[in-house]
Amino acid sequence: MNAMPYTINRRSSRRGTAILLSALGLFPATARCLVARPTVLEPGPAANTWAGSALKTSDPFTAPYSLNLSSTLIPENNVIGVLVGVLSTDPEAGVCTYSLAEGDNSTDNHLFTIAGNTLKAMAVFDFETKVNRYVRIRCTDANGGYIEKAFQLEVVDAYEVNNILEATNIVTPNGDGKNDTWVIRNLPANSMNEVRIIDRSGRVVYYKRNYQNDWNGRLTNGGELAEGVYYYIIDFGAGLHLFKGSITLIRSRN
């Protein structure tokens, strides 16, 4: 009996089986239907969603079948070279290389670079200028098979720290409605901030992300702090200026 000549270059048993069945002529129509077709990339209803992913592959059977980016958010006023996200593909693809690719939705490729499996920003982005940026990335395996995918990146509005931030320097949590909590004036709601309050020994006694002007002289776990002088650090991230100062905690003496 003469064997039918065919070549299977497949890492996945599932897809390898598909190639074998196609080679044997058991479902040629299905195999033809799996040829990649370009999709139209349109913004979805939410800022980070897509109606299509603009996938393109050299071969739907043997090429890598997924391309992922761990994050699509870029804080504005970023530093050059800041990490945007980590690239990955299906585990069966083996060692792959990543590169920026020309094509649909690659208009902002020149503003980014790829180092290994990381996407980095090579420009400083401003939320008020433009929110969405578009890059197209190719993942190529050791056999030359590839997949391409376009990504929409979103520039995140960061609190632009000027000289308008004011923090009170006294807290008297005695329930009289005056200085019961530590207040940072002009702090926008839902800003990307981290607040740390530190005692004289350098120990962080209170930590809060997205501070809501609600610290009343207690530890992060709720325990009561002793009267005295404490120090604060307000961090807005993305390399922005740290705000520092001191707070005096005074409790009522009845």
Can you tell me how far [atom2] of [Y] sits from [atom1] of [X], rounded to the nearest 0.5 angstrom?
X	Y	atom1	atom2	value
L69	L119	CG	CG	6.0 Å
N105	K149	CG	NZ	12.5 Å
I170	T248	CD1	OG1	6.0 Å
S88	N117	OG	CG	8.0 Å
L225	N216	CG	CG	9.5 Å
R138	E102	CZ	CD	10.5 Å

The single option from V171, I198, D199 passing side-chain contact (heavy atoms from CB on, under 4.5 Å) against Y230: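 So the option named by the test is D199.
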Given the rule that I, L, V, M, F, W and Y join up when any side-chain heavy atoms are under 4.5 Å apart, are L87 and M122 in one cluster?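 As far as the 4.5 Å side-chain criterion goes, M122 and L87 are not connected within one cluster.
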Same hydrophobic cluster for V156 and V124, using side-chain heavy-atom links shorter than 4.5 Å among ILVMFWY?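 Result: no, two separate clusters.
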Quick one: ring-ring contact (aromatic ring centres under 6.0 Å, His included) partners of Y232, sequence neighbours excluded?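 ring-ring contact (aromatic ring centres under 6.0 Å, His included) check on Y232 returns W182.
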How would you list, by chain and number, every residue that makes a ring-ring contact (aromatic ring centres under 6.0 Å, His included) with Y98, sequence neighbours excluded?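 Checked Y98 against ring-ring contact (aromatic ring centres under 6.0 Å, His included); zero matches.
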Between F112 and I137, does the side chain to side chain contact (heavy atoms under 4.5 Å, CB included) criterion hold? Intermediate values first, please. CA-CA 11 Å; F112 298 87; I137 298 174; over 6 Å; no
Counting distance only, does the side-chain N/O of [X] pair as donor-acceptor with the main-chain N or O of [Y] below 3.5 Å?
X	Y	answer
N109	R136	yes
D126	T129	yes
N143	G145	no
N68	V86	no
T168	V183	yes
E166	R185	no
S66	D90	yes
S71	L73	yes
T140	Y146	no

Is there side-chain contact between [X] and [Y], with heavy atoms separated by less than 4.5 Å?
X	Y	result
V195	W215	no
Y206	T220	yes
E154	N132	yes

What heavy-atom pair brings [X] and [Y] nearest, and what distance separates the two atoms?
X	Y	result
I147	P64	CB-O, 3.5 Å
I234	L165	CD1-CD2, 4.2 Å
A150	D104	CB-O, 4.2 Å
S246	N169	O-CB, 3.6 Å
D108	R133	OD2-CA, 3.2 Å
V135	L100	CB-CD2, 4.5 Å

Under 4.5 Å side-chain linkage, directly or through intermediates, the cluster mates of V95: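 None; V95 is a cluster of one.
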How about NZ on K178, more than 12 heavy atoms from neighbouring residues, nucleotides or ligands closer than 6.0 Å, or not?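 No, not enclosed.
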Not counting sequence neighbours, which residues clear salt bridge (charged side-chain N to carboxylate O under 4.0 Å, His left out) with [X]? List them please.
X	value
E224	R218, R251
R200	none
D214	K208

Worked check of side chain to side chain contact (heavy atoms under 4.5 Å, CB included) between E194 and Y207: CA-CA 7 Å; E194 293 183 353; Y207 170 83; 3.2 Å; yes
